[in-house]
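The figures here come from the full heavy-atom set of this structure, side chains too, leaving out hydrogens, waters and symmetry mates. All chains are named by letter (A, B, ...) in the order of the sequence lines, taking the proteins before the strands, and each is independently numbered beginning at 1.
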2 protein chains.
Amino acid sequence: MAENKTQKKAGYHHGDLRGQLVSAARRLIEEHGPDGFTMSDACKLAGVSTAAPYRHFSSKEDLLTEVAKDGLIRLRQDSEARAQPLPRGTVEAIAAIGRGYVDFAIREPHIFRLMFSTKSHAGRIEELRSVGRQSYGVLLNEVALYLGESEINDLVNRTSFPLWTHVHGLSFLVIDGKLDVNNFPVDIDEAILFATKSLLPPKPRLEKA
Amino acid sequence: MAENKTQKKAGYHHGDLRGQLVSAARRLIEEHGPDGFTMSDACKLAGVSTAAPYRHFSSKEDLLTEVAKDGLIRLRQDSEARAQPLPRGTVEAIAAIGRGYVDFAIREPHIFRLMFSTKSHAGRIEELRSVGRQSYGVLLNEVALYLGESEINDLVNRTSFPLWTHVHGLSFLVIDGKLDVNNFPVDIDEAILFATKSLLPPKPRLEKA
DNA sequence: TAACATAGTTAGCGATGCTTACATTCGCGT
DNA sequence: ACGCGAATGTAAGCATCGCTAACTATGTTA
């Protein structure tokens with residue numbers, strides 16, 4: 001059982017209860033789904049009483065939003081890590097970002113749904129949107145490189161969007177069990193690569209050196 | 001306010017309580033989300049006591065599954081109706097099916113999510129899957145026509161899948177508000193048509209007359 | 001070291017909402 | 001006409017949880 005970061009586990013004062021609650025919630029949500037998740041479970045896992053969280057979060061929703069935000073940030077880090085080792089601005093790098101997206105969904109399906117859900121986030125949707133845009137930005141940058149564009153312009157946006165749409169849909173189909181091995185022996189890598197190639201325009205000669 | 005089909009509204013015996021509960025649930029879920037939906041609300045809407053549903057459904061989940069099933073059937077009818085007036089086996093017909101898919105999601109986002117969710121359906125997932133396959137079949141048939149294939153073979157499957165994936169993802173992005181007009185002035189028709197064209201292979205000369 | 005802010009505890013309120021045991025009423029076949 | 005079974009009503013059980021009020025313990029600062 002891997003102990004968590006910033007574990008002080010001292011006595012009364014916890015050290016980083018806020019952070020621990022987020023990661024406790026993360027684990028529990030993955031295990032029982034966002035509905036099966038209860039505050040007291042999170043408290044039990046963090047080793048505090050049921051009232052303690054309310055020093056750090058105004059409500060259960062507030063905590064859930066934090067978990068979602070955390071997920072979006074990790075998704076971005078994932079995506080970056082995937083693209084980095086590959087030759088930049090290539091189909092492969094773009095496909096790798098997509099693969100990272102789907103893998104995240106597979107690894108943490110409940111969190112993934114939570115991240116893109118609008119409900120359970122009260123008045124903080126705009127905040128989430130902003131973090132989400134940063135994750136999307138990883139793809140935008142890579143596509144810009146592919147297209148040889150020096151900034152995120154309209155062409156980059158229009159090119160990236162169907163790619164996002166595709167992996168987003170693929171993610172949901174996978175985690176919702178629509179791709180059972182019998183009827184859909186889908187090779188995810190192949191699916192992503194095919195769609196990426198099909199949806200990208202031919203790589204232009206570099207004119208703006 | 002359109003009265004529902006099979007409305008008898010007689011006295012004690014209801015006529016078609018089962019059907020009415022499904023459509024009541026449908027309306028309520030669309031209004032308050034699947035979580036905000038309660039049995040007693042459905043009962044109130046159908047004009048019966050809270051115990052009455054249990055003569056027709058074994059549980060709340062059971063009713064929800066029925067609503068989902070109903071949705072999948074209606075989705076299929078929708079898709080068929082969209083493709084029918086258009087020249088068969090064309091890009092346009094295929095795109096129209098996709099558009100129907102997204103429109104359904106927009107029209108009934110909560111039901112749409114419920115239809116593809118795995119939870120809330122207890123032991124009836126296989127049943128739902130089967131109904132879902134029928135909806136997907138509409139696309140498969142159209143793609144088969146496009147490809148000039150006389151049956152649903154592997155090529156048809158492989159060609160159809162990314163199309164489904166794309167509109168599925170698009171649907172979720174739309175209903176989850178990721179395409180706000182400011183940052184994503186996405187023309188849905190255009191998006192679908194572009195993806196459909198990109199993901200379909202060139203139309204083959206018809207050899208099997 | 002006194003005083004104050006911060007973090008956590010204990011106890012419990014209050015509301016919700018599914019489900020069931022049992023009574024009741026109606027439609028239909030005989 | 002009548003009786004049986006299906007359909008609905010009544011009433012309540014009961015478990016779950018989110019959240020709060022009031023209290024206690026620790027850390028920090030002057």
Sugar-phosphate, base or nothing in reach of B:Phe57, heavy atoms under 4.0 Å: nothing
Interatomic distance where [atom1] belongs to [X] and [atom2] belongs to [N] [whole Å]:
X	N	atom1	atom2	answer
B:Gln20	D:dT8	CD	C1'	14 Å
A:His32	D:dC17	NE2	P	11 Å
A:Tyr54	C:dG12	OH	C1'	14 Å
A:Asp35	D:dG18	CG	C1'	15 Å
B:Leu64	C:dC18	CG	C1'	12 Å
B:Arg18	D:dA6	CZ	C1'	15 Å
B:Leu21	D:dG9	CG	P	10 Å
B:Asp62	C:dT20	CG	C1'	17 Å

Taking the side chain of [X] as heavy atoms from C-beta outward, which of [options] is closest to it?
X	options	value
B:Ser40	D:dC17, C:dC18, D:dT8	C:dC18
B:Thr38	D:dC19, C:dC18, D:dT8	C:dC18
B:Ala52	C:dG8, D:dT8, C:dT9	D:dT8
B:Leu17	C:dT10, C:dG17, D:dT8	D:dT8

Establish, from distance only, whether the side-chain atoms of A:Asp62 and A:Thr65 form a donor-acceptor pair under 3.5 Å. no
Are side-chain N/O atoms of A:Gln20 and A:Asp16 paired as donor and acceptor at under 3.5 Å? no
Please determine whether salt bridge (charged side-chain N to carboxylate O under 4.0 Å, His left out) holds for the pair A:Lys119 and A:Glu61, giving the CA-CA distance in whole Å, both sets of side-chain angles, and the decisive distance to 0.1 Å. CA-CA 9 Å; A:Lys119 79 172 174 195; A:Glu61 269 204 346; over 6 Å; no
Which residue lies toward the 5' end of DNA chain D, A:Thr50 or A:Arg55, if each is placed at its nearest nucleotide? A:Thr50
Could you say whether B:Ala51 or A:Ala51 is positioned toward the 5' end of DNA chain C, judged by the nucleotide with the nearest heavy atom to each? A:Ala51
Is there a side-chain polar atom (N or O) of A:His56 under 4.0 Å from OP1 or OP2 of C:dG8? yes
Note: A:Glu30-A:Arg26 ion pair, threshold 4.0 Å (strictly below): no
For the student: nearest non-hydrogen atoms of A:Val186 and A:Ala191, plus distance: CG1-CB, 4.1 Å
